[in-house]
There are 2 protein chains.
Amino acid sequence: MTENRKLTLKDIARELNISISTASRALKGHPDISDETIRIVKEYALKHNYVPNVLAVNFRKNRTFNIGLIVPELVHHFFSTVISGAIDAAKKKGYNVIVSQSNDILQDEVTACRTFLASSVDGLLISISNETFEGKHMLDFINEGKPVIQFDKITDQLDTPKVIVDDFEGAYQAVKHLIDEGYDKIAHLRGRSEVKNANERALGYEKALKDFKREFQPEWIKECKLINEEEGYVFTKELMESENPPNAIFCITDLVALGVIKYLKKAGINIPQQVGVMGFSNWKLAEIVNPSLSSVDQHGYQIGVTATEMLIEKIQNHDIESHETVEIKTNLVVRDSTRLSKNEFGNI
Amino acid sequence: MTENRKLTLKDIARELNISISTASRALKGHPDISDETIRIVKEYALKHNYVPNVLAVNFRKNRTFNIGLIVPELVHHFFSTVISGAIDAAKKKGYNVIVSQSNDILQDEVTACRTFLASSVDGLLISISNETFEGKHMLDFINEGKPVIQFDKITDQLDTPKVIVDDFEGAYQAVKHLIDEGYDKIAHLRGRSEVKNANERALGYEKALKDFKREFQPEWIKECKLINEEEGYVFTKELMESENPPNAIFCITDLVALGVIKYLKKAGINIPQQVGVMGFSNWKLAEIVNPSLSSVDQHGYQIGVTATEMLIEKIQNHDIESHETVEIKTNLVVRDSTRLSKNEFGNI
DNA sequence: ATCGATTGCGCAAACCATTGCGGAACCGTT
DNA sequence: AACGGTTCCGCAATGGTTTGCGCAATCGAT
């Protein structure tokens with residue numbers, strides 16, 4: 001209303017009878033400019049509400065103060081917490097976050113990368129799709145001097161900094177807890193063998209069994225392909241109907257654990273008395289399901305914050321060389337589904 | 001690697017012995033340029049992989065192909081579906097989405113608006129915080145010729161286009177369903193009276209009771225302030241211990257309904273036989289909770305798509321005048337918590 | 001031969017902030 | 001008086017693209 005056209009440096013210079021460059025330097029307190037001039041210019045700018053044209057600044061400096069964030073799936077509790085952390089951390093440093101999703105489709109991921117690269121982004125945070133193994137599209141990014149950081153779902157075939165969950169340790173602690181509670185025949189519904197996180201969790205599972213000398217049976221390990229409720233249900237049925245059924249089941253994720261719980265309830269098997277159930281990820285559903293589900297919290301928010309801070313630092317230092325990997329510790333959340341020893345509150 | 005510096009129009013012009021403007025026009029098939037020249041330029045550009053410098057284009061055209069999206073809370077099933085829809089719709093039109101969250105704090109919302117306005121965004125999609133009543137910060141946007149669209153949580157004090165859930169009708173249908181199932185004493189745990197959605201739902205509730213001539217008791221309406229599980233629990237206790245307890249409870253949202261269910265189970269009251277429970281929003285938890293919760297689906301994805309398409313159209317037409325309101329229809333999802341008549345599958 | 005219309009293309013400004021470099025003015029030192 | 005060192009400030013280029021305007025050439029019509 002009041003101001004129609006935005007005020008530019010040129011306007012200030014004309015009005016104050018100085019050159020544009022003097023105006024520019026005065027505004028940032030450059031030592032070449034006298035205190036008096038600085039004062040006058042700053043006063044004028046403030047009074048007339050001068051705001052630098054960001055588009056022009058970005059153009060000149062060849063950067064945007066935007067960072068790109070690609071996740072497989074936005075409507076997903078874990079990833080939305082990561083995004084939330086990324087946005088909050090970026091905001092603190094004056095960056096915006098442009099979000100995109102790959103739907104676990106490589107082609108969509110490549111397209112998103114291209115779009116980001118073509119324009120609007122100073123750096124990239126990415127959690128890759130299930131279909132991504134190399135990473136040429138991410139390499140393009142690095143080749144243009146724009147840093148890339150992988151988080152959570154990563155590929156080791158591309159040498160970038162990484163922020164990951166300590167899946168191995170998380171799984172180890174989860175299984176150790178089951179052992180501590182007294183379960184001694186522990187099965188594992190694992191994820192796809194091409195996915196690194198799944199392998200790490202499986203390794204943690206095996207290590208714990210070995211360290212505490214518990215029974216290990218290859219047929220107690222089932223590989224989930226889709227990571228959904230139904231697989232949990234079906235595999236649990238298989239396991240419980242086998243000759244040597246387990247008395248605890250450690251699941252690749254809470255959703256699978258939900259299927260496990262559904263089967264066990266249907267089959268009249270008591271949780272946690274007869275069979276303990278452990279999830280992974282600590283989604284909202286873990287609190288809600290009955291019995292409530294023990295799980296491993298991944299601190300998604302912290303992952304988002306850490307990855308974003310690393311990225312922005314690399315952007316600002318033009319650093320695309322270093323390749324450190326940060327592991328965010330997990331946190332075991334014990335609930336009713338594995339609480340054999342003492343069940344203080346009872347189920348609802 | 002291969003190309004160090006990006007190819008510019010200037011390079012093409014030099015190489016082909018034409019002027020920069022001819023190169024520019026040739027690339028977009030301007031009628032002033034001969035077919036022959038167009039062919040040559042396009043061929044050269046393709047061969048050398050010319051990509052226009054987006055920063056320069058944006059600067060020149062004074063737009064960014066980014067749209068801003070502000071929600072109260074990102075880690076929230078409904079809002080993440082909206083965001084997902086917005087991103088997908090934006091991608092189709094060549095726009096990016098920059099996401100921010102207000103945490104239901106007015107100050108954060110204002111700051112986010114300012115950041116977006118100062119720079120990086122051609123238009124704004126916003127679902128306001130609980131603390132927002134006027135909307136001066138959004139007005140600033142409009143005054144700069146950048147369209148704003150409100151969705152879901154809106155204020156009528158600011159005259160913008162709106163995309164909203166048909167809360168009234170959704171609530172009406174939900175209560176009608178309860179009546180159809182045979183419940184005749186229906187309570188409502190409503191939301192805050194300052195929030196429009198909450199009022200609409202309450203009106204739909206009252207209208208249904210009136211239309212079907214069911215008992216209406218002011219003390220059956222409880223106002224939730226925080227919209228959480230605990231309020232559901234506490235109010236249900238109050239209701240059920242009163243002299244005239246209801247036999248169905250219609251809740252402002254699924255989370256409140258979860259508290260209702262917890263109390264009823266604790267108190268040994270059968271769902272749905274003794275008391276029916278109806279949620280609103282159809283979160284993931286509605287499927288998971290036991291008994292599964294009937295709810296009203298809000299089609300968040302569709303809201304995101306619709307709002308984004310409207311916004312982009314307004315951006316492209318420089319239209320900040322029209323102020324139409326679009327209502328997205330809801331969809332009743334019946335589950336066990338209200339299935340009095342015939343319970344085919346039984347609870348798990 | 002002259003005029004008008006059409007086609008094809010280039011000049012230069014515009015967008016706005018930034019910055020290397022050089023000029024001018026002023027000081028103090030020798 | 002001459003010189004070097006500061007201080008202060010502006011010129012002009014830079015970045016890449018877009019676009020209004022105008023020039024030049026060609027052709028057909030009279």
Side-chain angles (χ1 to χ4, degrees), chain A residues 3-42 44-45 48-65 94 117-120 122 144-146, chain B residues 3-42 44-45 48-65 94 117-120 122 144-146 316 318:
Chain A
E3 77 253 62
N4 245 359
R5 281 271 135 264
K6 287 268 226 104
L7 197 67
T8 72
L9 268 191
K10 193 191 283 186
D11 301 324
I12 297 181
R14 181 174 15 80
E15 217 54 41
L16 261 38
N17 274 320
I18 56 177
S19 79
I20 295 175
S21 51
T22 301
S24 169
R25 281 190 264 250
L27 284 173
K28 35 179 75 67
H30 192 285
D32 271 7
I33 309 296
S34 71
D35 292 348
E36 177 64 4
T37 308
I38 290 181
R39 196 186 51 73
I40 295 176
V41 173
K42 282 195 174 171
Y44 187 91
H48 295 78
N49 195 28
Y50 168 75
V51 184
N53 180 318
V54 181
L55 258 43
V57 176
N58 290 354
F59 172 51
R60 195 78 235 287
K61 299 221 169 144
N62 197 32
R63 55 104 180 89
T64 65
F65 278 122
L117 184 55
S119 60
S120 29
D122 295 340
E144 294 221 0
K146 299 184 175 179
Chain B
E3 77 253 66
N4 246 358
R5 283 269 134 265
K6 288 266 225 108
L7 196 68
T8 72
L9 269 189
K10 195 189 279 186
D11 300 324
I12 297 181
R14 182 173 15 79
E15 217 53 42
L16 261 37
N17 275 317
I18 54 176
S19 77
I20 295 178
S21 52
T22 301
S24 169
R25 282 191 263 247
L27 283 173
K28 36 180 71 68
H30 192 284
D32 272 7
I33 310 296
S34 71
D35 293 349
E36 177 63 5
T37 308
I38 290 181
R39 196 184 51 74
I40 294 176
V41 174
K42 283 195 173 170
Y44 187 92
H48 295 78
N49 196 26
Y50 168 75
V51 184
N53 180 318
V54 180
L55 257 46
V57 176
N58 290 352
F59 172 48
R60 191 70 235 284
K61 297 223 170 140
N62 196 33
R63 55 105 178 86
T64 64
F65 278 122
L117 184 56
S119 61
S120 31
D122 295 340
E144 295 221 0
K146 299 184 175 181
Q316 294 179 337
H318 304 284

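Throughout, a chain's letter reflects where its sequence line sits, starting with A, and its residues are numbered from 1. No hydrogens, no waters, no symmetry mates; every other heavy atom, side chains included, goes into these values.
- Separation of atoms CD1 (B/Ile12) and CG (B/Asn17) is listed at 13.5 Å; rounding is to 0.5 Å.
- Shown here are the side-chain hydrogen bond (donor to acceptor under 3.5 Å, both in side chains) partners of A/Ser24, two or more places apart in sequence or in another chain: there are none.
- When the side-chain hydrogen bond (donor to acceptor under 3.5 Å, both in side chains) test is applied to A/Asp32, no partner is found at least two apart in sequence or on another chain.
- When DNA chain C is scanned 5' to 3' for any atom under 4.0 Å from a heavy atom of chain B, the first and last hits are C/dG8 to C/dC16.
- Going from atom CD1 of A/Ile38 over to atom CG of A/Leu27 covers 9.5 Å, rounded to the nearest 0.5 Å.
- Interatomic distance, A/Leu9 CG to A/Thr22 OG1, rounded to the nearest 0.5 Å: 10.5 Å.
- Remark: B/Asn58 engages B/Arg63 in a side-chain hydrogen bond (donor to acceptor under 3.5 Å, both in side chains) (not counting sequence neighbours).
- Helix-axis bend for the helix from C/dA1-D/dT30 to C/dT30-D/dA1: the local axis fitted to the five terminal pairs at one end deviates from that at the other end by 70°, rounded to 10°.
- Distance alone, capped at 3.5 Å, places no donor-acceptor pair between the A/His30 side chain and the A/Ala26 backbone.
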* Produce a footprint string for nucleotides 8-20 of chain D: one letter per nucleotide, 5' end first; B if the base is under 4.0 Å from any protein heavy atom, S if only the sugar-phosphate is, - if neither. => BBBB--BBBBBBB
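- Residues B/Leu7 and B/Asn49 have side chains not in contact (no heavy-atom distance under 4.5 Å, counting atoms from C-beta outward).
- Contact check for B/Asn53 versus B/Thr8: no side-chain heavy atoms found under the 4.5 Å cut-off.
- The closest side-chain heavy-atom distance from A/Tyr50 to A/Asp11 is not below 4.5 Å.
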